[in-house]
Number of protein chains: 2
Amino acid sequence: MGQTSTRDRIVIAASRLLQRQGYVGTGIKQIAKEAQATLGSVYHFFPDGKEAVAVAAIKYSDQEFAAILREALNSEQDPGAAVEACARQLADSLRESGWIDGCPVTAAALETLGTDSEIQQVCAAALRSWEGLMYDKLLRSGFRTEDARDLATTIISTLEGAEVSAQVKRSEEPLEAAGRQLARLVGSYEVVPSVAE
Amino acid sequence: MGQTSTRDRIVIAASRLLQRQGYVGTGIKQIAKEAQATLGSVYHFFPDGKEAVAVAAIKYSDQEFAAILREALNSEQDPGAAVEACARQLADSLRESGWIDGCPVTAAALETLGTDSEIQQVCAAALRSWEGLMYDKLLRSGFRTEDARDLATTIISTLEGAEVSAQVKRSEEPLEAAGRQLARLVGSYEVVPSVAE
DNA sequence: CTTCAGATAGAGCGTTCGTTTTAGCCCTTG
DNA sequence: CAAGGGCTAAAACGAACGCTCTATCTGAAG
C-alpha cells in the first residue's frame, strides 16, 4: 500500500478522469482501475455510487485549482499583471498536458445541467470560490466593491472560455489574448491607493 | 410526412440533444426517437454511425448560431453596444430555455478532446467562424487588424465562458457582467473614423 | 403492371454500463 | 487463540449502448 489511502486515490483518479472525459464518459470501473482499487472498494467508500464519487472529486478539484489560482495571483502585485499570470499559468499546464487537462468542472457541469443532481451545485460552488479569490485580490488592490464584483465574475468567465477555446484549437493563443485583454481591462479602472499592499 | 425531410429532422434533433447532453450522453436511439425517425433511417442517411451524425449536427449548430450572432451584431452600430447586445441575446434565450440550451458545441467538444475524432475539428471551425463575424464587425468599426484579432478571440471566449457560468449558476448575471465589461474593453480602444459605416 | 433503388422498420447482436451480492482477506482487540 | 470490523475481491444482475441485419414499404421509370 502506498502512502495515499485508497479513498484518496479514488478521489484523485476520479477528478482527473472527470476533467478529461466528463461525467457520462467516465465509468466507475475505469475510476477503480485508474486508482488501482477494486470496484468493491469504490462502493465501500461511496455507497451512494457514481454521483457521490463525482461530487467528492469535483470538490477536490475545486480546492486544487484554487491553490494554483492563489499562487498565480500572489506572484504579481499589480492586479492586471496577476490576471495575466493566471492566463499564462493555465496556458502552460494546458500545453504540457497535450491540451486535455482543462477546467476540472466545466465538462462535468455541462453534462449534468438538465438533471437535478448535486453535481451542478458543487460546480457552481467551485466557480464562486474562484471568483472569490479574484474578488479579494481586486479589493486588496483598491478596487471599489461593485467594480470588483463585476470584474471578478468576468475574469473567471473569460479564463474559463479561453481555456475551452485553447483546448479545442490546440493553441495557447486564446489564453494569451485573454491575458492581454484582461490586463488592459483591469488597468482601465481608476484605483485608490491603499496601504494594505 | 412533414415538410422537413427525415434527414433534416435527424440533424436538428441531434444538434439539440448534443447541445444539452453532450456527445457521450446522447444515444443514437434517442436521436431517432426525438426526430420521429427509426434507427434504420438514421443509419441509412449516416452509414458511418454516431460520429457522422454528430459532425453534421455540429455544423448545423454552427450556422444556426452564426445567424443569431450576426443579427445581434448588426442591431447596433457601435461595436461595444453590439457586443453587449450579443450578451443580452444569449442571456435571454438561455433563461427562456431553463438554462439548458447553452453553446451548441462546448459540451461535445470537451468530451471528445482526447480522442482524435472529427468532432473537435468541426467545433474548432465553429469557434473560428464566430470569431470571424466578430472580427469583421470590429474591422468595419475602424479597429486595427492586430487589435481586432485579439479582441475578437477574447470576446468569443468571454461570451463562451460567461454562458457556461450562467448555466451552472442558473443566473443571467455572468452574461450581464461580461456584456458590461466587454463594452468597456471595446470602448477603451482609439478608433479611426471610417466612411464604411 | 413490372421493376428496382431509395427509404423505412425493428429484431437482435455483442459489449459495457452502474450496481448488488457474496465471500474472503487483513489486522487490531479482547 | 478467537473474534469481529474495516477493507478487498470478483461474479453476476438488468438495462442501455452502438451497430448489423433482414424484411418491408414507397414511388417513379420502363
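Letters A, B, ... mirror the listed sequences (proteins, then strands); counts begin at 1.
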Report yes if a side-chain nitrogen or oxygen of [X] is closer than 4.0 Å to either non-bridging phosphate oxygen (OP1 or OP2) of [N]; otherwise report no.
X: B:His44; N: C:dA7; result: yes
X: A:Ser41; N: D:dT8; result: yes
X: A:Thr6; N: D:dT8; result: yes

What is the separation between atom [atom1] on [X] and atom [atom2] on [N], rounded to the nearest whole Å?
X: A:Lys50; N: C:dT20; atom1: NZ; atom2: P; value: 14 Å
X: B:Phe46; N: D:dT20; atom1: CZ; atom2: P; value: 15 Å
X: B:Gln36; N: C:dA7; atom1: CD; atom2: C1'; value: 17 Å
X: A:Leu39; N: D:dC13; atom1: CG; atom2: P; value: 16 Å
X: B:Tyr43; N: D:dG18; atom1: OH; atom2: P; value: 7 Å
X: A:Arg7; N: D:dC7; atom1: CZ; atom2: P; value: 11 Å

- Query: Is it true that the side chains of A:Gln89 and A:Glu71 contain a donor and an acceptor less than 3.5 Å apart?
  - Reply: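 No, A:Glu71 and A:Gln89 have no side-chain donor paired with an acceptor closer than 3.5 Å.
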- Query: Do A:Asp92 and A:Arg88 meet the salt-bridge criterion of a basic N to acidic O distance under 4.0 Å?
  - Reply: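 Salt bridge: yes.
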- Message: Can you list, in residue-number order, the parts of residues 12-34 of chain A that come under 4.0 Å of DNA chain D, counting heavy atoms only?
- Response: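 Nucleic-acid contacts, sorted: none.
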- Among D:dT8, C:dT8, D:dT20, which is the nearest nucleotide to the side chain of B:Phe45?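 My answer, after comparing the listed nucleotides, is C:dT8.
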- Would you please name every residue forming a ring pair (Phe, Tyr, Trp, His ring centres under 6.0 Å) with B:Phe143, sequence neighbours left out?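 Once residues adjacent in sequence are excluded, the partners of B:Phe143 under the ring pair (Phe, Tyr, Trp, His ring centres under 6.0 Å) criterion are B:Tyr189.
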- Task: Keeping the roles fixed (side chain from B:Arg184, backbone from A:Ser188), state whether a donor-acceptor pair exists under 3.5 Å.
- Result: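 Flag set: sc B:Arg184 to bb A:Ser188 pair under 3.5 Å.
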- Message: If hydrophobic residues (ILVMFWY) are linked whenever their side-chain heavy atoms come closer than 4.5 Å, directly or via other members, who joins A:Val42 in its cluster?
- Response: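 Members alongside A:Val42: A:Ile10, A:Val11, A:Ile12, A:Leu17, A:Ile28, A:Ile31, A:Leu39, A:Tyr43, A:Phe45, A:Phe46, A:Val53, A:Tyr60.
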- Quick one: closest heavy-atom pair of B:Val186 and B:Gly80, and the distance?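 The pair with the smallest heavy-atom distance is CG1-N, 3.6 Å.
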